[in-house]
> 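Encoded as structure tokens, here's the structure I'll be asking about.
Both ligands and their constituent atoms are indexed starting at 1 by order of listing.
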Amino acid sequence: MAAQIVSGFELAKEKRAQLAKEVEKLKQAGIEPTLSVILVGDHPASQSYVKAKQKACEEIGIRSILLTFPADICESFLLEQIARLNEDRSVHGILVQLPLPKQIDELHVIETIAPEKDVDGFHPLNIGRMMTGQRTFLPCTPYGILYMVQSLQVDIAGKHVVVVGRSNIVGKPVGQLFLREHATVTYCHSRTNDLAAITSQADILIVAVGKPKLITSQHVKEGAIVIDVGVNRLENGKLCGDVDFDDVKEVASYITPVPKGVGPMTITMLLNNTIQAAREQHQ
Ligand code: NDP
């Protein structure tokens, strides 16, 4: 039987309706949740991600402020802007759209954001808090993935979760979040020998690589849950995931599509984190 499609789009709609009510409550208490987004340069993909984030903020009543700077700014200038936003009590969340131009050290920039305003959850302090099970901002894409799997009402404890990809923003943290939920977690990456032998043991397979259709039915166990994080632009202009959707849906029990899968959940968790930041800064 073909897999059920897990619509991140629909889940995001439900969650955002709930978040809009929380924003309303905060506003009644005199707090206007505010996100400041910094965009450096004019990379088209970054521009469209930023636009989508701002639109999502507007839709649920979060104020968003966009600061754009030319690609040739120096690092110290950018750090000054962040320091200014750190001090601004009307700004609750700060997001620097990545990637940044080569002359700017991304880690340095992330470390400059005040941890209590780091709504992307990338600050090393927040990553450490996540790994040690403390309350913090969870990184948006991993958090969205966990939310999607939890929405399926499956018991994650004891399941074998295989994560393909080990980036700092998706692969590594998503594995940690499932470990926190008591899954047994295996990481695969570009040096993994015999990828299919490992992925085909997964009860839950999460793929975050950036290679179109890398994962086929040969890589997937019958009945597995497959979460496709990849977003790849094909020559015909269409978007495609890292999973061969038509092939894998014949063996999986649940599968996320691309687009309208993980992407909308990532933005939803950014909204969630901004509201959390506003609430906590006024407590
Ligand atoms: P990175 O390029 O930072 O990491 C890719 C990972 O894939 C690396 O760990 C790399 O291994 C691994 N890898 C590369 N080739 C193979 C292979 N043949 N077999 C197994 N592993 C391989 O990417 P990101 O994590 O930033 O993003 C991954 C994908 O997810 C991209 O398509 C990106 O656009 C998408 N994305 C989607 C989001 C959403 O909201 N939907 C949010 C963020 C990302 P190694 O470490 O050894 O190099």
Side-chain angles (χ1 to χ4, degrees), residues 5-12 15-16 37 43-53 55-56 95-100 106-107 110 119-122 127 137-149 161-178 185-202 205-216 218-220 226-234 237-245 248 255-273:
I5 297 170
V6 188
S7 169
F9 184 73
E10 290 303 322
L11 265 180
K15 178 75 180 165
R16 288 182 198 189
V37 179
H43 197 269
S46 293
Q47 280 176 330
S48 80
Y49 288 140
V50 163
K51 214 185 248 177
K53 288 169 187 174
K55 184 166 171 273
L95 180 153
V96 179
Q97 184 63 43
L98 303 178
L100 289 168
E106 282 185 0
L107 185 59
I110 291 167
V119 287
D120 252 340
F122 292 165
I127 293 170
F137 298 112
L138 299 179
C140 302
T141 302
Y143 193 8
I145 294 168
L146 180 63
Y147 188 91
M148 287 177 103
V149 174
V161 172
V162 175
V163 181
V164 188
R166 55 172 169 177
S167 71
N168 289 336
I169 62 167
V170 188
K172 277 184 201 144
V174 80
Q176 290 300 319
L177 286 189
F178 279 84
V185 179
T186 303
Y187 286 97
C188 300
H189 44 77
S190 67
R191 315 266 182 108
T192 296
N193 291 328
D194 200 352
L195 183 66
I198 299 168
T199 57
S200 59
Q201 293 173 34
L205 177 61
I206 301 168
V207 190
V209 172
K211 291 212 156 58
K213 300 188 183 183
L214 174 75
I215 300 297
T216 68
Q218 303 297 310
H219 294 81
V220 178
V226 179
I227 307 290
D228 187 357
V229 188
V231 180
N232 307 291
R233 179 80 58 188
L234 299 176
K238 285 193 173 163
L239 289 182
C240 146
D242 292 343
V243 174
D244 185 339
F245 183 85
V248 170
I255 187 167
T256 62
V258 177
K260 299 197 173 179
V262 173
M265 287 312 299
T266 295
I267 296 185
T268 304
M269 292 320 186
L270 171 68
L271 304 175
N272 181 82
N273 287 353

> Could you tell me, atom by atom, which parts of ligand 1 come under 4.0 Å of a heavy atom of Gly165?
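What qualifies from ligand 1 is 6 (C), 7 (O), 9 (O).
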
> Would one find more than 12 heavy atoms of other residues, nucleotides or ligands at under 6.0 Å from atom CD of Gln218?
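No, not enclosed.
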
> Heavy atom of Cys188 under 4.0 Å from ligand 1?
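Outside the 4.0 Å threshold, so no.
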
> I'd like to know if the side chain of Asp244 and the backbone of Thr216 have a donor-acceptor N/O pair within less than 3.5 Å.
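Side chain of Asp244 to backbone of Thr216: no pair is present.
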
> Can you list the ligand 1 atoms lying under 4.0 Å from a non-hydrogen atom of Ile169?
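With Ile169 as reference, the close atoms of ligand 1 come out as 26 (O).
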
> Check Met265 against ligand 1 and report side chain, backbone, both or neither, counting heavy atoms closer than 4.0 Å.
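Neither part.
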
> Mark whether atom 27 (O) of ligand 1 lies under 4.0 angstrom from at least one protein heavy atom.
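So far as the 4.0 Å threshold goes, atom 27 (O) of ligand 1 is out of reach of every protein heavy atom.
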
> Should Ala208 be listed as contacting ligand 1, given a heavy-atom distance under 4.0 Å as the test?
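For ligand 1, residue contact (heavy atoms, under 4.0 Å) with Ala208 is present.
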
> Using a 4.0 Å cutoff against the non-hydrogen atoms of Gly263, which atoms of ligand 1 qualify?
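With Gly263 as reference, the close atoms of ligand 1 come out as 40 (O), 41 (N).
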
> Taking both backbone and side-chain atoms of Arg191, is any N or O found less than 3.5 Å from an N or O belonging to ligand 1?
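In this structure, Arg191 places no N or O atom under 3.5 Å from an N or O of ligand 1.
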
> Please give me the minimum heavy-atom distance between Pro257 and Lys260, naming the atom from each residue.
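It is CG-O, 3.7 Å.
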
> Got a sec, which residues hit side chain to side chain contact (heavy atoms under 4.5 Å, CB included) with Ser167, two or more places apart in sequence or on another chain?
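Once residues adjacent in sequence are excluded, the partners of Ser167 under the side chain to side chain contact (heavy atoms under 4.5 Å, CB included) criterion are Ile169, Val170.
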
> Around atom 5 (C) of ligand 1, find the nearest protein heavy atom and jot down its residue, atom name and distance.
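Protein heavy atom at minimum distance: Val209 O, 3.4 Å.
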
> Side chain, backbone, both or neither: which applies to Val164 and ligand 1 if a contact is any heavy-atom pair less than 4.0 Å apart?
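Side chain only.
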
> Checking side-chain contact (heavy atoms from CB on, under 4.5 Å) against Val262, which of Ile206, Asp228, Thr141 comes through?
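Single side-chain contact (heavy atoms from CB on, under 4.5 Å) partner of Val262 among Ile206, Asp228, Thr141: Thr141.
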
> Using a 4.0 Å heavy-atom cut-off, say whether Val231 meets ligand 1 through its side chain, its backbone, both or neither.
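The part of Val231 near ligand 1 is both the backbone and the side chain.
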
> For atom 24 (P) of ligand 1, what's the nearest protein heavy atom and its distance?
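Its nearest protein heavy-atom neighbour is Ser167 OG, 3.7 Å.
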
> Can you tell which of Asn168, Val96, Ile110 makes a side-chain contact (heavy atoms from CB on, under 4.5 Å) with Phe122?
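Among Asn168, Val96, Ile110, the one that satisfies the side-chain contact (heavy atoms from CB on, under 4.5 Å) with Phe122 is Ile110.
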
> Which of these, Gly241, Pro259, Ser190, has its nearest heavy atom closest to atom 47 (O) of ligand 1?
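The residue whose heavy atom sits nearest atom 47 (O) of ligand 1 is Ser190.
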
> Tell me the nearest of Lys172, Lys211, His189 to atom 20 (C) of ligand 1, using heavy-atom distances.
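Closest candidate by heavy-atom distance is His189.
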
> Distance to 0.1 Å, residue and atom name: give those for the protein heavy atom nearest to atom 29 (C) of ligand 1.
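Going by distance alone, atom 29 (C) of ligand 1 is nearest to Gly210 N, 3.7 Å.
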
> For the residue pair Cys140 and Asp120, establish whether any side-chain heavy-atom pair is separated by less than 4.5 Å.
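Touching, per the 4.5 Å side-chain cut-off.
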
> Looking at Ala197, is its backbone amide N or carbonyl O close enough to the side chain of Gln201 to form a donor-acceptor pair, meaning the two atoms are under 3.5 Å apart?
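Yes, Gln201 side chain to Ala197 backbone: donor-acceptor pair under 3.5 Å.
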
> Counting only heavy atoms, tell me which of Val170, Ile267, Leu214 gets closest to atom 18 (N) of ligand 1.
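It is Leu214 that holds the nearest heavy atom.
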
> If you compare all heavy atoms of Cys188 against all heavy atoms of Leu195, which two are closest, and at what distance to 0.1 Å?
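Looking at all heavy atoms of both residues, the shortest contact is CB-CD1, 3.6 Å.
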
> Among all the protein's non-hydrogen atoms, which is closest to atom 35 (C) of ligand 1, and how far away is it?
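Looking only at protein heavy atoms, the one closest to atom 35 (C) of ligand 1 is Val229 O, 3.5 Å.
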
> Quick one: look up the protein heavy atom nearest atom 46 (O) of ligand 1 and list residue, atom name and how far away it is.
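Going by distance alone, atom 46 (O) of ligand 1 is nearest to Arg166 NE, 2.7 Å.
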
> May I ask whether Thr141 places a heavy atom under 4.0 Å from ligand 1?
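Right, Thr141 reaches ligand 1.
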
> Specify the closest pair of heavy atoms between Tyr143 and Leu177, including all atoms of both residues, with the distance to one decimal.
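Taking Tyr143 first and Leu177 second, the nearest heavy atoms are N-CD1, 3.7 Å.
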
> Any side-chain to backbone donor/acceptor pair from Glu106 onto Leu100? Under 3.5 Å, distance only.
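Yes; judged by distance alone, with no hydrogens or angles, the pair exists.
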
> Below a 4.0 angstrom heavy-atom separation, can you tell me which part of Thr266, side chain or backbone, both or neither, approaches ligand 1?
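Looking at Thr266 and ligand 1, just side chain atoms fall under 4.0 Å.
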
> Tell me every residue that passes side chain to side chain contact (heavy atoms under 4.5 Å, CB included) with Ile267, counting only those two or more places apart in sequence or in another chain.
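If we apply the side chain to side chain contact (heavy atoms under 4.5 Å, CB included) test to Ile267, skipping adjacent residues, the hits are Arg16, Ala52, Lys53, Ala56.
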
